[in-house]
Amino acid sequence: MLTRKQYDLLRFIHERLKETGVPPSFDEMKEALDLRSKSGIHRLITALEERGFIRRLPNRARALEVVRLPDSVAPGLAIPRAASRGFSPSVIEGSLGKVRPASDDDEGAGQVVTVPVMGRIAAGSPISAIQTRSHTLNIPPEMLGSGEHFALEVRGDSMIEAGILDGDTVLIRKCDTADTGDIIVALVDDEEATLKRLRKKGASIALEAANPAYETRIFGPDRVRIQGRLIGLMRRY
């Protein structure tokens, strides 16, 4: 399943190749998707390449090939580009975790918190988080504490030294502020979300991986919005 911007970029590249036989430049892609910087285009192209939709041809400038088009896209993605300009991404939507009485089917007794799983989060190169609720988890309230909560499935290995592995489910307390050292869900350039450790460096914000294979990325404060803070983790063996 592709995100909105991944789909828009794939469609733009495909249409330009059909029209001219030459892929668009990075500047043309940035303008078509109304992005602030070329770095966003680089991340989208990498995501499309990893998912097998495009291929970069070696030893040729601007050489992109569309390998395949998606069989399906997330609901609401196949829309005119002009209609997507006002899209304001967020990694969560809908009602968040609320306490309810346990049913006969629940393990244990007392109350549980029904926490929505709101898609996937990158622990690696940032990806757009999927906004649609996929399912819910029943979590003991003592594991969560106060506040509103949601869960995300982890994709990538950049937080392995913090004990967060590919395929884990992280529990997030919704908030828009955090302290240095907290592991947060960060929305970068209002486009893409990632799970990283927060470091504040003067007026700048650093998103730090817990894997030496990944570089710490530093942004101006206006480029990063905190969506929540990690408070727990679930793993299936």
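Note that these values count all heavy atoms, side chains included, but never hydrogens, waters or copies made by symmetry.
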Worked verdict on Glu65 versus Arg56 for salt bridge (charged side-chain N to carboxylate O under 4.0 Å, His left out): CA-CA 6 Å; Glu65 178 183 24; Arg56 285 187 253 208; over 6 Å; no

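- Asp168 has its side chain out of reach of Met234: every pair of non-hydrogen atoms, C-beta onward, lies at least 4.5 Å apart.
- Between Glu49 and Leu64 the shortest side-chain heavy-atom distance does not fall below 4.5 Å.
- Going from atom CG of Leu187 over to atom CD of Gln227 covers 5.0 Å, rounded to the nearest 0.5 Å.
- Smallest separation of non-hydrogen atoms from Asp166 and Gly156: OD1-N, 3.0 Å.
- Qualifying side-chain contact (heavy atoms from CB on, under 4.5 Å) partners for Ala178, counting only residues two or more places apart in sequence or in other chains: Asp182, Ile184, Leu198, Ile226.
- Partners of Arg199 under the side-chain hydrogen bond (donor to acceptor under 3.5 Å, both in side chains) rule, at least two apart in sequence or in another chain, are Glu208.
- Only one option out of Ile45, Leu44, Ile54 pairs with Leu10 in a side-chain contact (heavy atoms from CB on, under 4.5 Å); it is Ile54.
- If you take CZ on Arg4 and CG on Leu33, they are separated by 11.0 Å, rounding to the nearest 0.5 Å.
- No side-chain heavy atom of Pro23 sits less than 4.5 Å from a side-chain heavy atom of Arg16.
- Taking all atoms of both residues into account, the shortest heavy-atom contact from Ala162 to Arg197 is CB-NH2, 3.9 Å.
- Phe150 is not listed as a side-chain neighbour of Leu171, based on a closest heavy-atom distance of 4.5 Å or more.
- With sequence neighbours excluded, no residue forms a side-chain contact (heavy atoms from CB on, under 4.5 Å) with Thr177.
- Applying the side-chain contact (heavy atoms from CB on, under 4.5 Å) test to Lys38 and every residue at least two apart in sequence or in another chain returns Phe26, Asp27, Lys30, His42.
- Between Val188 and Phe219 there is a side-chain heavy-atom pair separated by less than 4.5 Å.
- For the pair Val117/Leu152, no side-chain contact is recorded, criterion being any heavy-atom separation below 4.5 Å from C-beta on.
- Between Ile121 and Val185 the shortest side-chain heavy-atom distance falls below 4.5 Å.
- Residues Pro221 and Ala203 come closest through the heavy atom pair CD-O, 3.0 Å.
- Looking at heavy atoms from C-beta onward, Ile231 lies out of side-chain contact with Ile172 at the 4.5 angstrom threshold.
- Checked against side-chain contact (heavy atoms from CB on, under 4.5 Å), Ser39 has the following partners two or more places apart in sequence or in another chain: Ser37, Arg43, Arg223.
- Residues Val67 and Leu17 do not share a hydrophobic cluster, clusters being chains of Ile/Leu/Val/Met/Phe/Trp/Tyr side chains in contact below 4.5 Å.
- Following chains of ILVMFWY side-chain contacts shorter than 4.5 Å, one cannot reach Val224 starting from Ile218, and the two form parts of different hydrophobic clusters.
- Of all the heavy atoms in Thr216 and Ala206, the pair that sits closest is CG2-CB, 3.8 Å.
- No donor-acceptor pair under 3.5 Å is formed between the side chain of Thr169 and the backbone N or O of Glu153.
- With sequence neighbours excluded, the residues satisfying side-chain hydrogen bond (donor to acceptor under 3.5 Å, both in side chains) with Arg173 are His149.
- Residues satisfying the salt bridge (charged side-chain N to carboxylate O under 4.0 Å, His left out) test with Glu161, not counting sequence neighbours, are none.
- Gly163 and Arg235 make their closest contact through O-NH2, 2.7 Å (heavy atoms, listed as atom of the first residue, atom of the second, distance).
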Take Asp189 and Leu35 through the test side chain to side chain contact (heavy atoms under 4.5 Å, CB included) and record every step on the way to the result. CA-CA 9 Å; Asp189 291 335; Leu35 297 183; over 6 Å; no

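- Ion pair Arg11/Asp8 flagged as a salt bridge, since at least one NZ, NE, NH1 or NH2 atom sits closer than 4.0 Å to an Asp/Glu carboxylate oxygen.
- Using a distance-only test at 3.5 Å, with no hydrogens or angles considered, no donor-acceptor pair links the side chain of Asn211 to the main chain of Met159.
- Here the straight-line distance linking atom OG of Ser158 with atom CG of Leu195 works out to 7.0 Å at 0.5 Å rounding.
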For Ile164 and Leu230, what are the C-alpha separation, side-chain angles and deciding distance, and is it a side chain to side chain contact (heavy atoms under 4.5 Å, CB included)? CA-CA 11 Å; Ile164 302 170; Leu230 177 74; 3.8 Å; yes

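- Note that the CG atom of Leu9 and the OH atom of Tyr7 stand 12.0 Å from one another [nearest 0.5 Å].
- A distance-only check finds no donor-acceptor pair linking the side chain of Glu15 to the backbone of Phe12 [under 3.5 Å].
- Other residues sharing a hydrophobic cluster with Ile160 under the 4.5 Å side-chain heavy-atom criterion for ILVMFWY residues are Leu165.
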